[in-house]
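Side chains included, hydrogens not; waters and symmetry mates left out as well; all remaining heavy atoms used.
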Amino acid sequence: DMGGHDTYMHKEISEQADAVDRVLRGRIDDRFSTVRLGGLNLDAREARAVRRVKILGCGTSYHAGLIGAGLIESLARVPADSEPASEFRYRNPVVDPDTLYIAVSQSGETYDVLAAVQELKRKGARVLGVVNVVGSAIARETDGGVYVHAGPEVCVVSTKCFTNTVVAFALLALHLGRTRDLSVADGKRIIEGLRRLPAQISEILEREDEIERLAHEYADARSMMFIGRVRGYPVALEASLKLKEISYIHAEAYPASELKHGPLALIEPAMPTVAVVPDDDLLEKNRAALEEIKARSGRILAVAHREQEKADHTIVVPRNEVELDPILMGIPLQLLAYHTALALGRDIDKPRNLAKSVTVE
Ligand code: F6R
């Protein structure tokens, strides 16, 4: 049942304010400015003993893991990274007893992720899951974890589950942070930011007509560049994946700082750039990248907290706490991919060559 929407993707994008509300519900502990995660199965002593976090997933879940790793590093000050699960399992990784491993999956059935979990467990590691489908194979194989509560996702490409997964990571990062040296005040700041998300998501979704018009302006591109820096880079990666999956327009994602090391050679009017430009400590650096693109006659669509002078168009999104900004910045780019694919007449819910869950190697 599409509930009045023309596609499941549109329905699922539109549901995100409620979905985020669900992942937060019942988990925030205002008294201690922390988060209670019932199924985590990691007590405070174990949480404090974690020396490193390694996140494993595929596709969109891997991208959510990249943002999750950033949240864990900034809120809990534990070194963290995210890696495609398949790469990890084929390189005979060093399995470290002080590392907390986290498997991320919407379906909970992705074979490469499941196989990585099994390999880790064979080698004695502790593995948690950040999973959407309750009772799925990965949920059962892991030692505990956080359910994402995005609700059923039918469209082959993931949207609401991506957003909810990142929010689940914010909760986990806050929880880890508060067992270590994150202050009460910072805990409170992040909690208040999390609570603002649903209304801010609705605010972005109300701008769909504007984003649709922009999609029509850029739908003639043969290829698109997506750039961001630090927290913005995984947003660029995910937006570029979404665009290529459903519109079949080729897209590249690069850290803005890498442009001058090669990809700048691609910039010309026929290759527009989508730039993720939050008002954070990297704003000036990002603006310099926009200038470099403009100097090569590149068209620029910015997602930012205020109008960007160097950009041809800016989608202005509401500000949250810097750590949580990537959650909001991804949402207009889901709509951009959606309306680009629609303008090109693509089969949005069932893109060619793709399946919802990849249960083979
Ligand atoms: C992208 C997409 C895929 C999945 C990937 C992992 O829109 O849907 O890249 O994210 O196949 O799937 P899960 O999260 O079910 O393990």
Side-chain angles (χ1 to χ4, degrees), residues 63 67 70 163 193 196-197 200-201 203-221 223-243 247 249 251-261 263-340:
H63 296 157
I67 303 180
T163 302
R196 285 198 297 277
L197 287 173
Q200 290 180 316
I201 290 171
E203 212 181 297
I204 293 169
L205 295 175
E206 277 162 23
R207 271 196 260 123
E208 183 167 355
D209 289 350
E210 172 197 334
I211 299 168
E212 181 177 0
R213 274 195 305 279
L214 290 172
H216 284 265
E217 293 225 15
Y218 290 89
D220 64 339
S223 185
M224 280 178 98
M225 178 70 78
F226 287 77
I227 58 168
R229 233 175 254 265
V230 188
R231 283 178 287 269
Y233 174 52
V235 176
L237 275 172
E238 173 56 13
S240 116
L241 177 62
K242 220 85 302 175
L243 184 77
S247 76
I249 294 176
E252 300 249 10
Y254 269 95
S257 55
E258 280 288 301
L259 273 183
K260 56 180 168 300
H261 299 292
L264 206 48
L266 294 169
I267 299 298
E268 47 137 351
M271 186 169 194
T273 298
V274 174
V276 180
V277 192
D279 254 12
D280 59 13
D281 51 334
L282 300 166
L283 181 61
E284 288 315 312
K285 293 274 171 207
N286 280 322
R287 283 195 171 141
L290 300 191
E291 256 167 59
E292 285 171 16
I293 294 165
K294 228 38 253 175
R296 275 93 186 163
S297 311
R299 286 189 286 165
I300 302 173
L301 170 57
V303 179
H305 292 131
R306 57 185 139 129
E307 238 19 81
Q308 291 303 307
E309 187 188 306
K310 290 288 165 196
D312 298 273
H313 302 96
T314 307
I315 302 172
V316 176
V317 299
R319 239 177 264 267
N320 197 297
E321 300 303 322
V322 283
E323 296 90 337
L324 304 179
D325 282 332
I327 301 170
L328 294 170
M329 298 204 129
I331 289 174
L333 296 176
Q334 297 173 345
L335 283 172
L336 184 76
Y338 178 81
H339 283 289
T340 304

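In this structure, the separation between CD on E307 and OG1 on T314 is 4.0 Å, given to the nearest 0.5 Å. Rounded to the nearest 0.5 Å, atoms CG (L214) and CG (D209) are 11.0 Å apart. Rounding to the nearest 0.5 Å gives a distance of 7.0 Å between CG of D280 and CG of N286. Put simply, CG on L237 and CD on E252 are 11.0 Å apart, with the number rounded to the nearest 0.5 Å. Once rounded to the nearest 0.5 Å, the distance linking CG of L243 with CG of L333 reads 9.5 Å. Here T273 contributes atom OG1 and I267 contributes atom CD1; the two are 3.5 Å apart, rounded to the nearest 0.5 Å.
At a threshold of 4.5 Å between non-hydrogen side-chain atoms, the residues I204 and I201 do not count as touching. Using a 4.5 Å heavy-atom cutoff, the side chains of I211 and I315 are in contact. Inter-residue side-chain proximity for E268 and R296 is flagged as unmet; no heavy-atom pair is nearer than 4.5 Å. By the 4.5 Å heavy-atom criterion applied to side chains, Y218 and M224 are counted as neighbours. Side-chain atoms of H313 and E217, non-hydrogen and from C-beta on, do get closer than 4.5 Å to each other. Side chains of H305 and M329 form a contact here, defined as non-hydrogen atoms less than 4.5 Å apart. With a 4.5 Å cut-off on side-chain heavy atoms, L335 and E212 do not count as touching. Between N320 and I327 there is no side-chain heavy-atom pair separated by less than 4.5 Å.
Between the side chain of R229 and the main chain of K285, a donor-acceptor pair closer than 3.5 Å is present. S247 places a side-chain N or O within 3.5 Å of a backbone atom of I249 that can act as its donor or acceptor partner. Checking side-chain atoms of E284 against main-chain N and O of L282 turns up no donor-acceptor pair under 3.5 Å. Panel note: side chain D312, backbone I300; a donor-acceptor pair is recorded below 3.5 Å. Under the 3.5 Å distance criterion, the side-chain polar atoms of Q200 are matched with a main-chain donor or acceptor of R319.
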**OP:** Starting from the C-alpha separation in whole Å, work towards a yes-or-no answer on side chain to side chain contact (heavy atoms under 4.5 Å, CB included) for I293 and I227.
**Re:** CA-CA 11 Å; I293 294 165; I227 58 168; 3.8 Å; yes

**OP:** Determine, step by step, whether D220 and R299 satisfy the salt bridge (Lys or Arg N to Asp or Glu O under 4.0 Å) criterion, reporting the C-alpha distance in whole Å, the side-chain angles of both residues, the deciding distance to 0.1 Å, and the verdict.
**Re:** CA-CA 12 Å; D220 64 339; R299 286 189 286 165; 3.4 Å; yes

Subject >> Worked verdict on L264 versus E292 for side chain to side chain contact (heavy atoms under 4.5 Å, CB included) >> reply: CA-CA 8 Å; L264 206 48; E292 285 171 16; 3.9 Å; yes

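Contact record, P263 with E258: CD-O, 3.4 Å, taken as the closest heavy-atom pair. Smallest separation of non-hydrogen atoms from K294 and G298: NZ-O, 2.8 Å. Taking all atoms of both residues into account, the shortest heavy-atom contact from E321 to G193 is CG-CA, 4.2 Å. Of all heavy-atom pairs between Y233 and Y254, the closest is CE1-C, 3.4 Å. Taking every heavy atom of both residues into account, L328 and P318 meet most closely at CD1-O, 3.6 Å. Closest approach of A236 and G228 over heavy atoms only: CB-N, 4.0 Å.
The closest side-chain donor-acceptor pair between H339 and E208 falls under 3.5 angstrom.
Counted within 6.0 Å of CD on E210, heavy atoms from surrounding residues, nucleotides or ligands total more than 12; the atom is thus considered enclosed.
Electrostatic pairing of K242 and E238 counts as a salt bridge here, judged by a charged N lying under 4.0 Å from a carboxylate O.
Exactly one residue among V276, I67, V230 makes a side chain to side chain contact (heavy atoms under 4.5 Å, CB included) with P326. That residue is I67.
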